Amino acid sequence: MAADDYRLLQRSFFARDALDVARDLLGKLLRRDGVIVRITEVEAYRHPNDSANHCRFGLTERNAAMWGPPGRAYVYLCYGIHNMLNLSTNEEGEGAAVLIRSAEPVLGLTEIQRRRGATTTGPTLLTGPGKVGQALQLDTSWSHHPVTEPGGLEALDAPAVGEILAGPRVGIDFAAPADRDAPWRLAVAGTKWVSAPKGLRPV
DNA sequence: AACACGATGGACT
DNA sequence: GTCCATCGTGTTA
């Protein structure tokens, strides 16, 4: 299949609750120039009433892309080092997004290795949100970029996946217990391209 | 105007 | 298992 045969996801795909979008994003593709990856693990950050969500204190300059139209990138810097990719969901005015936690190389493996500074072809190449950001060469200036339009970073359609695993989100111990325990981390079953298989179980 | 800390990853014991 | 790099953001004063 030629790269030009891939179809962009539509804005309406993202104009739904983050948890629904998260589930449907599994198996979909992200393209940046000659690199294509398949999404294998995601987390939903919902609106409202999600105390793990960056939008929990309202609109700020950093999280503005989450409040904006659906289908936009929200890239934020974590620990001063890692650029984390989210895709905005819900309707404009609702602060919600899906964090892309892991992916699997589809095209451009050697370029991904170069960007990551790694030689492995195994899951450690691309499991973890910081690695995804690095492989797609993203930084915070990519926030607000529409992934439903050609050019730059694109979200591409692909067949739905089969079985799905779910479990609590990672690294949100600061959140309220109910939000901490909510099974809003989703992953493709049967793949090794998942950052933390522990804690995931079939839905 | 200061300050504490994070939706992590890699190196090391 | 532990340690910590590294800096922008949001909170608090």
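Note that this is a predicted model, so its numbers are computed, not measured. Numbers restart at 1 for each chain; the letters A, B, ... are given by sequence-line order, proteins then strands.
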Checklist entry - Of the options A:Arg101, A:Lys131, A:Lys192, which is the one that meets A:Glu41 in a salt bridge (Lys or Arg N to Asp or Glu O under 4.0 Å)? => result A:Arg101
Item to check | Who pairs with B:dA7 - Watson-Crick or G-U, where each distance is under 3.5 Å | outcome: none
Next on the checklist: Using atom C1' in both nucleotides, what's the gap between C:dG1 and B:dA7 to the nearest angstrom?
Outcome noted: 23 Å
Item to check | N/O donor-acceptor pair under 3.5 Å between A:Thr127 side chain and A:Trp193 backbone | outcome: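 Not a single qualifying donor-acceptor pair exists.
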Next on the checklist: Run the side chain to side chain donor-acceptor pair (under 3.5 Å) test on A:Gln134 and A:Arg115 for me, step by step, so that the C-alpha distance in whole Å, both residues' side-chain angles and the decisive distance to 0.1 Å come before the verdict.
Outcome noted: CA-CA 7 Å; A:Gln134 196 176 18; A:Arg115 293 176 181 178; over 6 Å; no
Checklist entry - Got A:Val194 and A:Arg185 here, is their nearest side-chain heavy-atom distance under 4.5 Å? => result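 Yes. Closest side-chain heavy atoms under 4.5 Å.
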Next on the checklist: Suppose we screen for salt bridge (Lys or Arg N to Asp or Glu O under 4.0 Å). Which residues come up paired with A:Glu92, at least two apart in sequence or across chains?
Outcome noted: none
Next on the checklist: Please tell me whether A:His54 and A:Tyr45 form a close aromatic pair, meaning their ring centres lie under 6.0 Å apart.
Outcome noted: no
Checklist entry - What is the distance, rounded to the nearest whole Å, between atom NZ of A:Lys198 and atom C1' of C:dG1? => result 12 Å
Item to check | Euclidean distance, atom CG of residue A:Asn63 to atom P of C:dG8 [Å, nearest integer] | outcome: 17 Å
Checklist entry - Phosphate oxygens OP1/OP2 of C:dT9: is one of them under 4.0 Å from a side-chain N or O of A:Thr60? => result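 No, no such contact exists.
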Checklist outcome for this item: Counting primed atoms, P, OP1 and OP2 as sugar-phosphate and everything else as base, the B/S/- map of nucleotides 3-13 of chain B against protein heavy atoms under 4.0 Å is ---BBBSS---
